[in-house]
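The analysis underlying the following values was restricted to heavy atoms, covering all of them including side chains, and did not include hydrogens, waters or symmetry mates.
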Amino acid sequence: MSTNVFVSRPATEVFDFLADARNLALWSSGVASVDAAYVTPGAHAVYRYRYPGRRRPHHLVCADYEPCRRIAFRGQRMWSPLGTQVPLYSFDLLPHADGTLVRLSVTSSLTAALTLLAPLVAMAWRRDLPTDGRKFCDVLVGAALAPTGALHGPLGAPPAAAPQGATGDAGEAQGEPAVPAGTAMRTAPAPHGFDYAH
């Protein structure tokens, strides 16, 4: 399952934000939490995370890492009495002059009797992924306008100090307009009909 969102931020900033998997818990419904320990972003980087509804932490591994183009995280195989599930969260970036188009995708590889529930899993992601896309935009735009200590990576850095004698916001004092909000775009189905793995 995939959805596209447009963020009014440069591709480098969007990629840096996505490359730190700790940020997934801020906006993705498929990630309940990620351990706060810093992990150097890159191919094969391993994070400890909790999938929603699971008590035990699992590994989340960076499965694909192409700076400013694509990044993907594969979750550890999760067992249940009905079979196993392996989630894959992938993000494709397409830079534009005024921001970045991001394709957010989720693939759930199911085995055994869980394959019978594939249509329900797909329905749940069709419902949740557009909302996740809007949250993603809100977090990135909010980070650009009012950084907080909750974000990880370059967007979470403290804001630069305003020049002495300036009043109000440092950006407004220099005549820079506020960054426009990100825009969620329509959700796209699988390219060749219904995809039971998503």
Side-chain angles (χ1 to χ4, degrees), residues 1-5 7 14-37 39 41 43-65 70-93 100-140 142-143 150-153 155 182 184-190 194-198:
M1 189 68 203
S2 298
T3 192
N4 295 323
V5 294
V7 182
V14 175
F15 184 84
D16 288 345
F17 178 80
L18 288 169
D20 190 336
R22 297 176 296 175
N23 291 323
L24 287 171
L26 298 174
W27 61 271
S28 176
S29 60
V31 177
S33 65
V34 179
D35 282 359
V39 175
H44 310 294
V46 178
Y47 297 82
R48 286 173 44 97
Y49 87 115
R50 290 188 193 277
Y51 190 82
R54 296 285 178 149
R55 294 180 186 263
R56 187 172 69 86
H58 291 72
H59 287 126
L60 186 65
V61 178
C62 183
D64 199 355
Y65 189 88
R70 177 176 170 75
I71 189 160
F73 295 98
R74 183 179 315 281
Q76 180 179 344
R77 182 180 311 270
M78 295 177 283
W79 180 87
S80 77
L82 297 176
T84 62
Q85 173 178 321
V86 176
L88 176 69
Y89 310 99
S90 59
F91 313 100
D92 295 296
L93 285 67
T100 307
L101 180 66
V102 183
R103 181 177 188 89
L104 310 170
S105 302
V106 177
T107 304
S108 292
S109 299
L110 307 173
T111 64
L114 277 179
T115 56
L116 298 173
L117 299 176
L120 294 176
V121 172
M123 182 179 66
W125 278 115
R126 259 192 217 96
R127 179 196 67 212
D128 294 346
L129 202 54
T131 302
D132 288 351
R134 285 188 293 278
K135 286 182 188 175
F136 173 72
C137 288
D138 291 345
V139 168
L140 276 174
L151 296 179
H152 303 286
L155 290 177
M185 301 175 83
R186 69 176 181 82
T187 301
F194 187 78
D195 188 349
Y196 287 97
H198 293 97

**Q** According to side-chain hydrogen bond (donor to acceptor under 3.5 Å, both in side chains), who are the partners of S80, at least two apart in sequence or on a separate chain?
**A**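 S80 satisfies side-chain hydrogen bond (donor to acceptor under 3.5 Å, both in side chains) with no other residue.
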**Q** Holding to side-chain hydrogen bond (donor to acceptor under 3.5 Å, both in side chains), I want the full list of residues that pass it with R48, two or more places apart in sequence or in another chain.
**A** D35
**Q** Please enumerate all residues that pass side-chain hydrogen bond (donor to acceptor under 3.5 Å, both in side chains) together with Y51, with sequence neighbours excluded.
**A**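 Listed in chain order: Q85.
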**Q** Between OH of Y89 and OG1 of T107, what distance do you get to the nearest 0.5 Å?
**A**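 The OH atom of Y89 sits 10.5 Å away from the OG1 atom of T107.
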**Q** Parallel, tilted or perpendicular: which fits the ring planes of F91 and W27, with parallel below 30° and perpendicular above 60°?
**A** perpendicular
**Q** Do L24 and L60 come within less than 4.5 Å of each other through their side chains, counting heavy atoms only?
**A** yes
**Q** For D64, check side-chain hydrogen bond (donor to acceptor under 3.5 Å, both in side chains) against everything at least two apart and list the hits.
**A**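 Testing D64 for side-chain hydrogen bond (donor to acceptor under 3.5 Å, both in side chains), a comparison that skips the adjacent residues, returns R70.
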**Q** Taking salt bridge (charged side-chain N to carboxylate O under 4.0 Å, His left out) as the definition, give me every residue that meets it alongside D132, ordered by chain and number, with sequence neighbours left out.
**A** none
**Q** Taking all heavy atoms of A37 and all of R22, pick out the closest pair and write down the distance.
**A**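 Here A37 and R22 meet closest at O-CD, 3.7 Å.
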**Q** How close do R77 and H58 get, heavy atom to heavy atom, and via which atoms?
**A**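 Residues R77 and H58, closest heavy atoms: O-CD2, 4.2 Å.
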**Q** With rounding to the nearest 0.5 Å, note down the distance linking CG in D138 to CG in L26.
**A**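 Nearest 0.5 Å value for the CG-CG distance: 12.0 Å.
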**Q** Would you check if the side chain of T115 reaches a backbone N or O of A112 as a donor-acceptor pair within less than 3.5 Å?
**A** yes
**Q** For Y65 and A19, which heavy atoms make the closest approach, and how far apart are they?
**A**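 Heavy atoms only, the tightest pair is CE1-CB, 4.0 Å.
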**Q** Would you call D20 and Y47 a side-chain contact if the rule is heavy atoms closer than 4.5 Å?
**A** yes
**Q** Indicate the atoms forming the closest heavy-atom contact of V86 with R74, along with that distance.
**A** CG1-CG, 3.7 Å
**Q** Please name all residues satisfying side-chain contact (heavy atoms from CB on, under 4.5 Å) with T100, sequence neighbours left out, ordered by chain then number.
**A** A11, V14, L93, V102
**Q** What are the two closest heavy atoms between L129 and M1, and how far apart are they?
**A** CD2-O, 3.4 Å
**Q** Looking at every heavy atom in both P52 and S29, which two are closest together, and how far apart are they?
**A**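 Answer, listing the atom of P52 first, then S29: CG-O, 3.1 Å.
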**Q** Tell me if a side-chain donor or acceptor on Y49 pairs with a main-chain N or O of A21 at a distance below 3.5 Å.
**A** no
